[in-house]
Amino acid sequence: MDRQVDEFYEKLSQEERIAQLRSMYMDMLFDEQGRLDTVKCHELIPNGIGHFSQYASQKPRDPNELRDRVAAVQDWLMHHTPHGIPALFHEEVLSGVNTSGATIYPQQIGQACSFNPELAELKTRQTGIVMRKMGGVLSLSPMVDVCRTPSFNRLEESYGEDAYLSAVMGVAFVKGLQQGDLKKGTGACSKHYLGYGGGGNADEKELMEEILLPHETMIRLAGSKVVMPGYHAMLDENGESTNCVANGRILKDILRDYIGFDGMIVSDYTAIDQLPGIDDPVRKAAAAINAGNDVDFPTGANYKYLQEAVEQGLVKSEALERAVKNVLRYKFRAGLFDKDAYLYSRQDIVLDTPDERQTAYQIATQSVVLLENNGVLPLNASSPNIFVTGPNANSMWAMCGDYSFPSMTYFWKKIENDLDHPHVIGLLEGMKAHNSGNFNIMYSRGCDWTEDIETKYTKGGDERAWEYALLHRKVDSGEKVDRKEALEMARKSDVIIAAVGENVMLCGENRDRQGLRLPGKQEQYVEELLKTGKPVVLVVFGGRAQVISGIAERCAAVIQAWYPGEEGGNAVADILYGNVAPSAKLSVSYPKTEVYEPLCYNYSAEMDARVQWPFGYGLSYTTFDYQSLQLPQEVSTTDEGISLAFEVRNTGKMAADEIAQVYISPGDDDLPIRPIQLQGFARISLQPGETKTVKMKLYTEQLGFYSHSDSDASQGNTKQQRQWNVRPGKYVVKVGSSSTDIRLQQEIVLKGESLRKPLRTYYFSEVE
């Protein structure tokens, strides 16, 4: 392939080469009747084009029409440009394909709480198949930032605060999406490299051991061939703060030289344009491409000046050659140059099939975390009058997170009508549809999300959102709020279901609000509901943990539902009714006070006083007993792995899943590893009274740590300076139901000589 890439590169004119590094929006090439405008094609892309940006989400379109547009463009490129190179069409697929009518799966923060990588892989396999049918070859997903600041407005896109869990779920995402074959699957993109969601300013040890881990494993274990740098700045090779898109230390030294990445690096949208201290687009383009960035998204606004940069001697010839070849190599890998290239499907394309909706439902039921329950749940026929209320009780915005088509269309296009494609099941609808007939369901909204506009206007991220009018608005529910009516219904009820939390304008990229307590006057409304004396079940929707201390303690039950997708209403209803036992565990430490700095369970073996519910925590409708931990007393540093086993028994009266978690702690004070660190987990389905044995292989390398030696600095050999170490000593293996609920533990002694190697071979434990 490299020989083919080299030969092809030599054939291209300089104009064709630069065109491969640019992107544009497909709609620019079509007239108002939806026909390809060949005059525009000759004018705008005479030398071809490398990429098309967010091709499926520009306007609501039937998937077959989208496919036909892609087909028309690809045909024109292959027959009317000098060397007939097809383009890479990309889209966002964070919670399904970002296009009208496609399945909306739960947001990643909720899916992480399922601790179910098999289901995560199924979701993206379904997504990738649909995307490729519509002509999409590349996705700009997943987001695998290790997010440890509870207030981060994009936390919903992440898998939470733990590097190990984020890496496992990220690898599953890539495997499902790419199907092990870029010629038939859809390519994944690891973002936002490195530490955009937090940790970019961490010390080198944390950066390399944890913040890097999801990117490293997606690349080395799952074959991800695209990386997107974040908008933020980090220290570069000269010790200066430099934006990631022009930062040679992270793009060359760490990514390519250390990890061995041989794929394509693409800028986040408008990131090159935001390089500080450089006013000239020619110099911006030079800074990015010289540092290692290959492609300029979304429109090549700066890379269109690359020829000028070359003529001025600002761009090294080898930098341009590298970038173009990386794009061509990806196209070869995706099969775009094959005679039988899979550019799109010729069959009728159907979105949101029953199988896809079922997957969305399964993920949703496994994403919802039960935080508190005094016995009011599951709902009992002896308390038949159920009052459903709150701003998120009857709204699609309780279900749809950022980067789903409704949210993107609402936020970016300011379109507020006809967004329910596919149909999104709200909580009230789910409660009515899944009512066995034992319950009388009453509803009144009672409270709005906010009375005033809470979204703060800040510059950051995609500069297309730096528009006052875009951010300065609030969601109109289309429903009246009648507090008097609602409180009368509350007093007549047996149980109150209060659905509260965020919406599309209160959480997401470029969207911050005033604090982390419930928005608007929602908390005051919950207080009024509590004063009725009726048991209140608080159901919190949104993209991050919201501070509910002070009211949570007085509620009969508390559920964190996140953004559970199109089947979220059915999933939450089934959990409330007891048709499904809750099983999810928190992928973040849930704060009891507002925290605007990094917070993570693994900073200390003791729970942080600012945390209300710890990482890995979640209740069920049954109870589980752990017993019979078996593992050797000692192993050698040269042994590949450690075999351990333990039993889990369902000691309650309801079938349910338990997520057993395996943590490692140092047994010696001088071991440079975290006080506690997740290194394995198992999701176990158990009938009442049933016992299952969990067998796990814990790789010895998982007990190791990163270090950076200066021994070879004089030789300039940075790759050898960085190494993974396994040191002899005492370690403690802990098995628990959460990071603070350890049920079994045993010390194990690692004997022998210290083991050193440049990179790990094994990252994840294996479970039976």
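Because only heavy atoms are used, hydrogens play no part in the values below, and waters and symmetry mates are left out as well, while side chains stay in. Starting from 1, each residue takes its place in the sequence as its number.
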Donor-acceptor check, side chain of N116 to backbone of L119, threshold 3.5 angstrom: yes or no? yes
I'd like to know if D262 and R329 make a salt bridge, using a cut-off of under 4.0 Å between side-chain N and carboxylate O. no
Expected output: side-chain E566 to main-chain Y105 donor-acceptor under 3.5 Å: no
Counting only N and O atoms by type, is there a donor-acceptor contact under 3.5 Å from the side chain of Q178 to the main-chain atoms of A188? yes
Can you find a pair of side-chain heavy atoms, one from F332 and one from L336, that are under 4.5 Å apart? no
Mark yes or no: K191 above the aromatic ring of F173, with NZ or CZ under 6.0 Å from the six-membered ring centre and no more than 45 degrees from the axis. no
Between Y699 and R760, is any side-chain donor less than 3.5 angstrom from a side-chain acceptor? no
Are the aromatic ring centres of W397 and Y410 under 6.0 angstrom apart? yes
Going through the distances and angles, do K183 and D338 end up as a salt bridge (Lys or Arg N to Asp or Glu O under 4.0 Å)? CA-CA 9 Å; K183 294 189 176 186; D338 294 355; 3.0 Å; yes
side-chain contact (heavy atoms from CB on, under 4.5 Å) evaluation trace for M408 with Q54: CA-CA 11 Å; M408 296 287 278; Q54 291 183 340; 4.0 Å; yes
Is any NZ, NE, NH1 or NH2 atom of the basic residue among R125 and E356 found under 4.0 Å from an Asp or Glu carboxylate oxygen of the other? no
Does one side chain, of D352 or T103, offer a donor that lies under 3.5 Å from an acceptor on the other? yes
Under a 3.5 Å threshold, yes or no: a donor from one side chain and an acceptor from the other, between Y231 and D268? yes
Mark yes or no for whether E161, through its side chain, and Y601, through its backbone, hold a donor-acceptor pair below 3.5 Å. yes
Return the orientation label for the F681 and F115 ring planes: parallel under 30°, perpendicular over 60°, tilted otherwise. perpendicular
Is the side chain of R511 donor-acceptor paired with the backbone N or O of N153 at a distance under 3.5 Å, no angle test? no
In terms of side-chain heavy atoms, does N64 have a donor or acceptor partner in D348 at a distance below 3.5 Å? yes
What is the minimum heavy-atom distance between A120 and A172, and which atoms define it? CB-CB, 4.1 Å
Going through the checks in order, is the side-chain hydrogen bond (donor to acceptor under 3.5 Å, both in side chains) test met by Y403 and E156? CA-CA 10 Å; Y403 284 92; E156 63 182 274; over 6 Å; no
Is it the case that atom NZ in K413 sees more than 12 heavy atoms from other parts of the structure closer than 6.0 Å? yes
Do the side chains of D181 and R333 get close enough for a salt bridge, i.e. N-O under 4.0 angstrom? no
Side-chain donor-acceptor pair present, S765, Y164, cut-off under 3.5 Å: yes
Any donor-acceptor N or O pair under 3.5 Å, side chains H423, E429: yes
Smallest separation among heavy atoms of L419 and P406, with atom names: O-CG, 3.6 Å
Please work out whether the ring planes of H90 and F297 are parallel, tilted or perpendicular, with thresholds of 30° and 60°. tilted
So, for P86 and L343, which heavy atoms are closest and what is the spacing to 0.1 Å? CB-CD2, 4.3 Å
So E91 and T99, side-chain hydrogen bond (donor to acceptor under 3.5 Å, both in side chains) or not? Walk me through it. CA-CA 9 Å; E91 190 50 80; T99 196; over 6 Å; no
Note: V93 and S141 closest approach over all heavy atoms is N-OG, 3.0 Å
Can you confirm if the NZ or CZ of R544 lies within 45° of the ring axis of F152 and under 6.0 Å from the centre of its six-membered ring? no
Please determine if R154 and E157 form a salt bridge, counting it only when a charged side-chain N lies under 4.0 Å from a carboxylate O. yes
Donor-acceptor check, side chain of D402 to backbone of E509, threshold 3.5 angstrom: yes or no? yes
